[in-house]
Amino acid sequence: MKCQICGGKATIDLNHHNLKICESCFLTFFKKKVEKTIKKLKLFERNEKLLLAVSGGKDSMGLWQILSCLNYNVDGIYIDLGFGDISNKIKEKIEVLAKILNKKLIVIDLKERIGFDLKELSKFTNRVACSLCGLVKRYIMNEIALKENYSAIITGHNLDDETSILLKNVLRWEFAYLGRQSPLLESMDGFVKKVKPYIFCYEKETLLYAIISKIPYIKDTCPYSTKSKNKTLKMAFHILEHSSPGIKLNFMKLFLKKRNFFIPFREREIKELVKKCNYCGYPTDKEICALCTILERSKNENSVGKRQP
Ligand code: AMP
Ligand code: ZN
């Protein structure tokens, strides 16, 4: 098998691109693909102050290295959710990469910030950890980005993550969620811009990139991930992709072409976010935002957690 770029020995088969390639050409090809996505979708510019959400996994760690190579001004933020030894190991690896890349890393300890770690929060609220995790991460990242004047929050969501969420939203005909699903959500009052440069990158590619580049990533960053329902949808796509290579990429690209149809449903939702939370000032459609509601209830019921003002 010959590399279709340099003619050397190909060891990687990217059948979704109908491309056989060697390791060295793959690294260049993949970096170019990410840069092309940033430019084509107008995600951000080199003069912007960017904040990358770093989980310690292959996606966000590889992306940090690529954005640094491409000379973007990108700091990292890690939210320590309180998984004990796992969190400590993750933090160490992220600190190693931050040093290699010579980039600033912001570490936020959830328990210090809100008075509870994720497990406690889940127990007090009787809600599954995954839904709370998304809520607190979104809230804290937005809060820090606003405070520290970052123009965008970048996440490492890849094509497999995004197509499984897309399929979930289609199966439930969640029009407002479909209108919100985008690799680029522009900033609006109280919310910083959110971008996903790995939107067209298969998980197989992000994994290969991290391994070949010897990025010091952690394999399992979340003890709850095995219970995730998205895993089933990812497996369904795996079967579809096997019989029709490229189907995932097409599903996403065609959705983005037709996404305008769903935008009015999102705008209706945005119009409702006109209030500011009485406690923290976060945009909300109620008097008190979702996080403050949870924290106040937990505090009253358990009289343990204390919030910073
Ligand atoms: P996940 O939901 O775990 O697949 O993560 C998706 C993306 O969210 C990652 O690629 C990161 O950009 C970001 N992320 C997840 N967990 C954390 C965390 N604890 N701290 C900072 N960013 C995170
Ligand atoms: Zn609030």
Side-chain angles (χ1 to χ4, degrees), residues 50-67 74-83 86-91 93-95 97-98 105-111 113-114 117-118 129-145 152-165 183 190 194-199 201 203 206-207 210 215 217-231 233-234 273 275-297 299 307-309:
L50 307 165
L51 186 63
L52 173 69
V54 190
S55 66
K58 62 187 188 318
D59 301 310
S60 49
M61 298 281 268
L63 185 55
W64 206 5
Q65 192 255 27
I66 291 179
L67 296 178
V74 54
D75 294 336
I77 179 169
Y78 168 59
I79 299 171
D80 181 340
L81 299 158
F83 301 145
I86 304 178
S87 294
N88 292 335
K89 264 191 209 149
I90 295 172
K91 200 163 63 186
K93 292 265 182 194
I94 300 178
E95 281 166 353
L97 187 61
L105 170 67
I106 302 171
V107 178
I108 303 289
D109 185 299
L110 186 66
K111 179 131 181 155
R113 174 65 192 86
I114 66 171
D117 65 25
L118 190 64
C130 296
S131 74
L132 290 166
C133 181
L135 181 88
V136 293
K137 280 192 301 201
R138 274 194 301 275
Y139 183 101
I140 292 175
M141 281 172 202
N142 192 64
E143 181 184 45
I144 301 288
I153 298 167
I154 305 170
T155 56
H157 290 97
N158 60 42
L159 179 67
D160 294 48
D161 298 327
E162 290 300 298
T163 45
S164 61
I165 296 168
K194 291 188 189 68
V195 290
K196 298 172 182 172
Y198 266 180
I199 182 80
C201 300
E203 193 152 6
T206 66
L207 177 64
I215 306 272
Y217 72 93
I218 292 262
K219 211 172 148 223
D220 296 306
T221 55
C222 172
Y224 299 103
S225 66
T226 46
K227 291 180 193 155
S228 160
K229 282 185 192 140
N230 282 359
K231 279 215 157 160
L233 294 173
K234 278 189 179 180
L273 291 176
K275 292 183 191 153
K276 300 254 185 251
C277 170
N278 285 348
Y279 286 99
C280 70
Y282 199 77
T284 174
D285 57 348
K286 308 199 175 61
E287 299 300 319
I288 303 172
C289 78
L291 184 62
C292 288
T293 306
I294 291 171
L295 293 175
E296 287 310 303
R297 201 184 313 143
K299 212 162 69 177
R307 282 209 72 194
Q308 288 175 11

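Order of appearance sets the numbers: ligands from 1, and atoms from 1 within every ligand. From a predicted model like this one, the values you see are computed outputs, not experimental measurements.
- Taking distance alone, with nitrogen or oxygen atoms compared against 3.5 Å, Ile154 stays at or beyond that limit from ligand 1.
- With hydrogens and angles ignored, the 3.5 Å screen pairs a side-chain donor or acceptor of Asn142 with a backbone N or O of Gly190.
- Backbone and side-chain nitrogen or oxygen atoms of Tyr78 are examined, and none is located within less than 3.5 angstrom of a nitrogen or oxygen of ligand 1.
- Ligand-side atoms of ligand 1 in range of Val54: 20 (N), 21 (C), 22 (N), range being under 4.0 angstrom from any heavy atom.
- Under the 4.0 Å criterion applied to side-chain N and carboxylate O atoms, Arg138 and Glu143 are not assigned as salt-bridge partners.
- In this structure a side-chain-to-backbone donor-acceptor pair under 3.5 Å is present from Trp64 to Val74.
- Among all non-hydrogen protein atoms, the one lying nearest atom 7 (C) of ligand 1 is His157 CE1, 3.8 Å.
- For Ser60, the side chain to side chain donor-acceptor pair (under 3.5 Å) partners at least two apart in sequence or on another chain are Ser55.
- Near Ile77, meaning under 4.0 Å from any of its heavy atoms, are these atoms of ligand 1: 21 (C).
- Within the 4.0 angstrom cut-off, atom 19 (N) of ligand 1 has one or more protein heavy-atom neighbours.
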Apply salt bridge (Lys or Arg N to Asp or Glu O under 4.0 Å) to Asp161 and Lys196, showing your working.
-> CA-CA 11 Å; Asp161 298 327; Lys196 298 172 182 172; over 6 Å; no
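- Evaluated by nearest non-hydrogen atom to atom 15 (C) of ligand 1, the leading choice among Lys58, Lys196, Lys137 is Lys137.
- Among all heavy-atom pairs drawn from Val54 and Gly76, the shortest one is CG2-CA, 3.9 Å.
- With Asn158 contributing its side chain and Asp160 its backbone, the two residues share a donor-acceptor pair below 3.5 Å.
- Closest to atom 14 (N) of ligand 1 among all protein heavy atoms lies Ser55 CB, 3.7 Å.
- Atom 12 (O) of ligand 1 has as its closest protein heavy atom Ala53 O, 2.6 Å.
- Leu110 approaches Leu118 most closely through the heavy-atom pair CD2-N, 3.7 Å.
- In terms of polar-atom proximity, defined here as any N/O pair under 3.5 Å, Leu81 makes no such contact with ligand 1.
- Residue Leu63 comes nearest to Thr155 through the heavy atom pair CD2-O, 3.7 Å, listed as atom of the first residue, atom of the second, then distance.
- At a heavy-atom distance under 4.0 Å, no atom of Thr221 approaches ligand 1.
- Contacts of Leu63 with ligand 1, taken as heavy-atom pairs under 4.0 Å, are absent altogether.
- Atom 1 (P) of ligand 1 is not flagged as protein-proximal [any protein heavy atom, distance under 4.0 Å].
- Distances between N or O atoms of Met141 and those of ligand 1 include no value under 3.5 Å.
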